[in-house]
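A short worksheet on the structure shown next.
Residue numbers start from 1 in every chain, and the chains themselves are labelled A, B, ... in the order their sequence lines are given, proteins ahead of strands. The figures that follow rest on heavy atoms only: side chains count, while hydrogens, waters and symmetry mates do not.
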Amino acid sequence: MSEISVLLPDGSSRSVASGATVADLAASIGSRLAKAAIAGTINGAEVDLSVGLSNGDAVSVITADSDAGRHVLRHSTAHVLAQAVLQMFPGAHFTIGPAIEDGFYYDFALPNNQTFSDDDLAAIEIRMREIMKSNQPFTRSEVSAEEALAIFSTQPYKCEIIERVTSGAADGSDAAEVGDGGSVSLYRNSDEFVDLCRGPHVPTTNRLGHFSLMKVAGAYWRGNEKGPMLQRIYGTAWESDTALKEHLHRLEEATKRDHRRLANELDLLSFPSELGGGLAVWHPKGAIIRKLMEDYSRQRHQDGDYQFVYTPHLANANLFAKSGHLDFYADGMYPPMEMDNGTYYMKPMNCPMHCLIFDSRQRSYRELPLRLFELGNVYRYERAGTLHGLLRIRGFTQDDSHIYCTEEQMADEISSLLDFIMSVLRRFGFNDFEFNLSTRDPEKSVGSDEIWGKATEALREALDRHGVEYKIKEGDAAFYGPKIDIDVRDAIGRKWQLSTIQCDFNLPERFELEYVGSDGARHRPIMLHRALFGSIERFFGVLIEHYAGAFPTWLSPEQVRVLPVALAHDEYAQAVVKQLKKAGFRVEIDHADEQLGKRIRNAKTSKVPYVLVVGDDDVAHQSVGVNPRGGEVERDVSVSDFIARLGAEVAEGQLGDLDVS
RNA sequence: GCCGGGUUAGCUCAGUGGUAGAGCAACGCACUUGUAAUGCGUAGGUCGUGGGUUCAAUCCCCACACCCGGCUCCA
C-alpha cells in the first residue's frame, strides 16, 4: 500500500496510508486523540473527520475541548434540535441555526403561528437525546442549486437561502449555512433529516449530549423588524457534563450579581412602577455612591481644564430642529409639549445647548480647545421592550462634555482623552480595556470625505500613539462623525461598553460655529463629544455587577458597622462610632438586642467592608476587634490604629488602582 | 415596537372559581451572648389597574401599566 506524508501543526511530518482520512490520522497518532477528535482542518479549512488526505496536506485534529471543537459540537447540536422540532411539529419551517458563544440557536416558523412553550422545550430536549442515542452519522453531500431547491421544496426559508447564495446576494449568515461555492453542501443524518450546511460536523450524533435547551424567544427573520417573527430556541452545549455544569454555575453566579437584584437587596435604588418605565429613584445608600462618583468626576474634570456649565431639561423644538436631532430621533424623544409660545421637548442630549454656549459670543483660537462639561440629565423615550434596569433607562445623567478645537488640535486632544478615560475607569477597578474605532457609513453620513478622513486618522493616530490594540467597526459611526468606543471587562470577564469619544462635523455646521484664528479669519471648529461613564446610571449598574455589590471602602455607603458584644458595651461602642464619624467615615452601630452571630451575619450580607466587635477587652484597652469583609478577624486593634488604616485605604482608593478579585 | 413569560405581605415565593399561605424582614417580650441565622409572640395583603363572563373572580376572558427573557433599536 502506498503512503502519503502530511504536515502536523507542530511542524513534523507523518506518513499515513494513501486514502487515509483525518480520523485515520488521529487514530495513528493515539487512541486518546482518536476518541477526542470530532473534526479537523486541512490546509486551514475545517473539515469532517471522514475527509481523505492528500500528500503534503497540512492537517490538524480538532478536539471537543477546543474553541473550534465546541463550535462544531454546538452547530451539530443545532442540527439535532432542528431535526427534533421537524419531527414533533409537522409543517414547521426551519431557517438558520448557528453556533454562538457558549451555545447555539435555531430559528423556526411554526404552522398557524404556533409558539413553543417551556413544556415543548423539555419535550424537544428529550427527543434530541433520543436522536443522539440512535447514533446517526452526519453525511455530507454536494448538490446543484436545482437539486437543493427540489430537496427543500417544502421549506421556503431554505429555498430563499439557496437562491440568495446562488444569485450572489448571500451575506455571512447564508454562507455559514451552505458554503460559498457554486454547489450547495448538505448534511444528512438520517433519511428524514437533511439541512443546508457548510460543516464540519461531528461524525455521529452520539458524540453530542452535554447540552441543555435554555430558552425560547422571538426573533426576526434576517433581523428585519418588518419581516416575519420566528421562534428561536437557544441552547448551550459543551464537551463534557463537567463543562456544562460549570457553565450553568457561571450563569448562576452572574445572576447573583444582577444589579437590579442587588440594587434592591442593598437598598440602593428602585424603579417604582408609579413613575413609569425606565425611570429610577435613588435611595440614600445609592445616592451616597452616586455622589462620590460625581464628586470624583467633577474633581477630575476640574483638574483637566474643563469648564462647568448647566443647561435646562427642556428646550424649544426649534433648537432640536436646528441640531437635526428632531429629524433623526423624534421617535426616541418624549412627545412634544405644546405651550402658548411654542413647542417644547425634554432634551435627549446636551450638545445643542453646549453649542449655544459656545456661540454666545465671539470665540478666539486662544480659547481652544474649549471644554464644556456638564452632568446633564437627559430623557429618551426608549422603546418599551428595550428597557433593562440601569443599563437601558429613559431618564439618565451623562458625564457629558463637548470639546471645541481646531483640526490640528484634534489628535492631541483625543490622545489625552484616552489617558483621561483609562485613568478614571481604573479608579473604579476596571483595568481591562478594549477599543473600537467606528468608521463612516457612506449611506448615512454628513460631512466631506476630507474631514472624515482627517478625523478618522486623528482617532487612529491617538490609538496608535497609546500602542493599544483596537478593532475597526466598518460603517458603525454615527451619521455626524467617526468615534472610539471603549469596552471594559468586569471581574468575571463580561464586556461592557462604557466610554465614547465622537467627532462631530454636523453640529458646528448647523449652528454655524466659528472662532477667529491667528490669521484673523473665521474658522469652523471641530467638535468632540465624549463621555467617560457614559451615563451615571448605566455606569453604576455595571459597577454593581463588577463588585457584586461589595463596593470598595471609599465607595461603600456604610464603611464600618460597630457591634457591641452586649448591652454593657453600648456606651463604648457609641464612643467608637463618634471617633470614626469625627474622622470622616460612614459608620453605623448595631445594638446588642440580637445575638452577635446574627448581627455579624447581617453586616456581612449587607457587604459592609468592616465590622468592629467591641467587648470587655476592648473597653479595657481602647481597642476594637476588626472583622474585614473577605478577611481574617483581628483582635485588640487600637482605635487610633484602625482609623489610620481605614484612612489610608480610602485615600489610596482615591489615588490608585483597586485590586478587584 | 415585535414574540414569549410574569405581577400574591417590605423581600423571596407557594396556592385556590366560594375574597389567601410559608420563610426572611418588621414590631413586642424574654435572653446579654467575642465573630455568619436564640426562642416565643404580634401585626402585615382591595392577590398590578380597569372592564367583562359568573350566583360568586386573586383564579377564566379582554384592555392597559409595569417587570423578565430574547429580537429590533440605541444620538
Using a cut-off of 4.0 Å on non-hydrogen atoms, how would the nucleic acid contact of A:Asp617 be classed: base, sugar-phosphate, or nothing? base

Quick one: do the A:Asp618 and A:His569 side chains pair a donor with an acceptor below 3.5 Å? no

Checking contacts here: which listed nucleotide (B:rC68, B:rC71, B:rA75) is nearest the side-chain heavy atoms of A:Gln502? B:rA75

Indicate, yes or no, whether a donor-acceptor pair under 3.5 Å links the base of B:rG1 to the side chain of A:Asp331. no

With a 4.0 Å cut-off on heavy atoms, is A:Gly597 in touch with a base, just the backbone sugar-phosphate, or nothing at all? sugar-phosphate

Cationic tip of A:Arg232 within the cone over A:Tyr105's six-membered ring, i.e. under 6.0 Å and within 45° of the normal? yes

Nucleic acid footprint by protein, nucleotides 22-27 of chain B - heavy-atom cut-off 4.0 Å, B for base, S for sugar-phosphate alone: ---S--

Mark yes or no: A:Arg538 above the aromatic ring of A:Phe396, with NZ or CZ under 6.0 Å from the six-membered ring centre and no more than 45 degrees from the axis. no

Mind checking A:Gly324 for me? I need base, sugar-phosphate or nothing, with any heavy atom below 4.0 Å counting as a touch. nothing

Ring geometry between A:Phe540 and A:Phe551 (parallel below 30°, tilted from 30 to 60°, perpendicular above 60°): parallel

Quick one: NE2 on A:His75 to OH on A:Tyr106, what's the gap to the nearest 0.5 Å? 7.0 Å

Take atom C1' in B:rC73 and the same atom in B:rC2, then report the distance between them in whole Å. 12 Å

May I have the distance from A:Tyr234 (atom OH) to B:rG69 (atom P), rounded to whole angstrom? 13 Å

Does A:Arg392 reach a base, just sugar-phosphate, or nothing at all? Heavy atoms under 4.0 Å. base

Looking across every strand, which nucleic acid part, if any, lies under 4.0 Å from A:His529 by heavy atom: base, sugar-phosphate, or nothing? nothing

NA contact type, A:Gly385, heavy-atom cut-off 4.0 Å: base, sugar-phosphate, or nothing? base

Any strand counts, and the cut-off is 3.5 Å on both contacts for Watson-Crick or G-U wobble. Which nucleotide pairs with B:rC66? B:rG6

Under 4.0 Å from OP1 or OP2 of B:rG70: is there any side-chain N or O of A:Lys215 that close? yes

Look at all strands and tell whether A:Gly278 reaches a base, only sugar-phosphate, or nothing, counting heavy atoms closer than 4.0 Å. sugar-phosphate

Have a look at A:Gly223 and say if it touches a base, only the backbone sugar-phosphate, or nothing, with a 4.0 Å heavy-atom cut-off. sugar-phosphate

Have a look at A:Asn224 and say if it touches a base, only the backbone sugar-phosphate, or nothing, with a 4.0 Å heavy-atom cut-off. nothing

Using a cut-off of 4.0 Å on non-hydrogen atoms, how would the nucleic acid contact of A:Ala217 be classed: base, sugar-phosphate, or nothing? base

Evaluate the side-chain proximity of A:Phe211 to A:Trp238: yes if any heavy-atom separation is below 4.5 Å, no if none is. no

Within the 4.0 Å heavy-atom criterion, would you say A:Leu567 contacts the bases, only the backbone, or no part of the nucleic acid? base

